[in-house]
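Heads up, the thing below is written out as structure tokens.
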Protein chains: 2
Amino acid sequence: MDPATIRDVAALAGVSAATASRVLSGNPATSPAARARVEHAARELDFRPNAQARALRRTRSDSIGLLVSDVRNPFFADLAHTVEQAALEAGYVTLLGNANESEQQQDRYLDTLISRRVDGVIVAPQGDGSSSIATLVARGIPTVFVDRTVPGVDVPSVTTDSDAGLREAVAHLAGHGHRRVGYIAGPPTASTGRERLAAHTRALAEHGLDADPALVVSGDFQAASGSAAVRSLLELAHPPTAILAADSLMAVGAVRQLQERGIRIGVDVAVVAFDDIEWFSLMNPPLTGIAHSVEAMGRAAVRLLLAVMAGERPDPVRLPSSLVPRASSDFAVPARPVVAVPPPSTPREQPS
Amino acid sequence: MDPATIRDVAALAGVSAATASRVLSGNPATSPAARARVEHAARELDFRPNAQARALRRTRSDSIGLLVSDVRNPFFADLAHTVEQAALEAGYVTLLGNANESEQQQDRYLDTLISRRVDGVIVAPQGDGSSSIATLVARGIPTVFVDRTVPGVDVPSVTTDSDAGLREAVAHLAGHGHRRVGYIAGPPTASTGRERLAAHTRALAEHGLDADPALVVSGDFQAASGSAAVRSLLELAHPPTAILAADSLMAVGAVRQLQERGIRIGVDVAVVAFDDIEWFSLMNPPLTGIAHSVEAMGRAAVRLLLAVMAGERPDPVRLPSSLVPRASSDFAVPARPVVAVPPPSTPREQPS
DNA sequence: CGATTCCATGGAATCGATTCCAAGCCATCG
DNA sequence: CGATGGCTTGGAATCGATTCCATGGAATCG
């Protein structure tokens, strides 16, 4: 009933536990005879080594932890998939934790991972240098940041260079005649939230678009906040003709809200989202996205982590992003916004 | 540098390891004085108990395994999320494995979970009674099937009753004048593949629809097979006017293929999918789905697993499904199929 | 042919936390 | 006043696999 131990295997094979261990872990100091008998005995008993005991003795567990922000976000679901596959190829199993965009739940999971003595951790960090992240670094646990970073914490990272993609997006919108672009920002507590907003602001300036601060609304990377953001953008005296969302879930929330109000995307208003996920091309209308390779990000993260575990200090990786234009933004801006607004009696900062 | 052990804590607190252990695990046989000193010392050293050592001694790891078929399938991503939350509430961490719809990878993960001595496993099984599943049962490891089952393996399960939803779907299609419904089946190696096909066949008979076996094409629950299925359905001499896919990913593949061919969904052909995921309502056109509650399924699975771990033999749970009609199927069938077909010279089994 | 090396092997220690068991202490009771 | 009982405590064994160290036998070399 109780699972077989290596001693049971050894007894059945007529050797000592030491020899059985050597055979089963591929130590060359074993005779062919012993090898045959032990292997046969192990198969006979359906022996599965107790990973805990093994990990206790060697000081490594052959497992890594992956902490993502939200598994239901397709971007992170794909990331989890890629990381898991890449880790498996390198002989590691992945323990997946889901912070659910909450710093508290992130800490709880990191504690668990530390307790389980994972050999390394890949984390898309919440907030700024929470206690658990500090612990991770202080203990010298190999760590890699993915997608996001934490300022002041010196850890290798794999991030997306939002600049190119956002510049393309803004250029694209400007080229179609948009002057006022509503921006649904990520939370300032996430590095991606801050960086993308900064990139967006720079791009606006480059193209001489309206820099009205009222056009920037902050969300939390989840769908509901996208809806809320659209609501407040539409209340502006001078609402935007295009909306740019800092991630796919907020874009979806925005789309829902626009649909509920009967505002036609791709006709009355343009919508562009950071991230480009499979579903975008099937939506009504197909959504313009800013693409970056999840596959590349996941594989790079595992590669960096393996390097850190090997004692190296790998350089950070920055992946490119680029615009994938689709129907949601591929139209010329209408002469007048369809949303009822008072005539712009004092058109401010609109260069002719 | 090396992480602090309970002996370090005990030394700093001036007590024995035994007492330190008792304090830290909440054993009441401790004096307030000892409690205070040990707790202070543990905080001082930032002590994290080695979960492996603890699990080795107690014969439980406070962790469960969850093996899903494909994390990139939104249905399973949601399931993973729900199970994880419910397990966390019960004090368990979840080790997520992804079989990627491959029996081999499933076995590899189950082996890992067995080696790590998880306290229980929730699995959406691939194939029929693979060796690892047999091992699981033979070892008496608490196991619960979710979404799918394996015939002949007596394990509590949480499944969806496909019958009601499919009957509604077929009635809905019949009501709109469809006689020939193409069915994209799941693989016969999955219980859901078989059951849904059987339910569909029954529903066809009930409504007197065309039971042409050529209208049934098998896929593998992944997107590419949905595209392939549509391709072969359209080659029929007498192609269907409606398409029913046994899961969301195959439906997406089907939609892509139809769009590529310029066939208008919701006008030229109806599309209905088993599963109803968030994105369906945003698609072009919104897709009719057969809904079942992932949340309920995940929570029930955890509840059942806890019961099995407590030595009970809970009854299986069967959750309802129901149709959510949307634009992709909400139209009357056109008088003649738009796809060019030879005139039906010998219309077979079409009751007037 | 004796001595040195090489190789396979077993005994025992080890990893870190838990827990059984025995012992010590204080208080209460007969 | 001695004894019994209730508490707290420490020593030591334990979980299962790995690994250091020593040993015995075979093989090789001078």
*How would you list all residue pairs meeting salt bridge (Lys or Arg N to Asp or Glu O under 4.0 Å) that involve residues 24-43 of chain B, not counting sequence neighbours?*
none

_B/S/- contact track for nucleotides 15-20 of chain D, protein heavy atom under 4.0 Å_ = BBBBBB

*How is B/P28 classified with respect to the nucleic acid when contacts are heavy atoms under 4.0 Å: base, sugar-phosphate, or nothing?*
sugar-phosphate

*Sort and list the pairs that fulfil salt bridge (Lys or Arg N to Asp or Glu O under 4.0 Å) and have at least one residue in residues 141-151 of chain A, not counting sequence neighbours.*
A/E101-A/R148, A/D147-A/R196

*Name all residues meeting the salt bridge (charged side-chain N to carboxylate O under 4.0 Å, His left out) criterion together with B/R48; count only those two or more places apart in sequence or in a different chain, and write none if there are none.*
A/D111, B/D46

*Please name all residues satisfying ring pair (Phe, Tyr, Trp, His ring centres under 6.0 Å) with B/F76, sequence neighbours left out, ordered by chain then number.*
none

*Can you name the salt bridge (charged side-chain N to carboxylate O under 4.0 Å, His left out) partners of B/R72, sequence neighbours left out?*
B/D70

*Nucleotide forming a Watson-Crick or wobble pair with D/dC29, both distances under 3.5 Å*: C/dG2

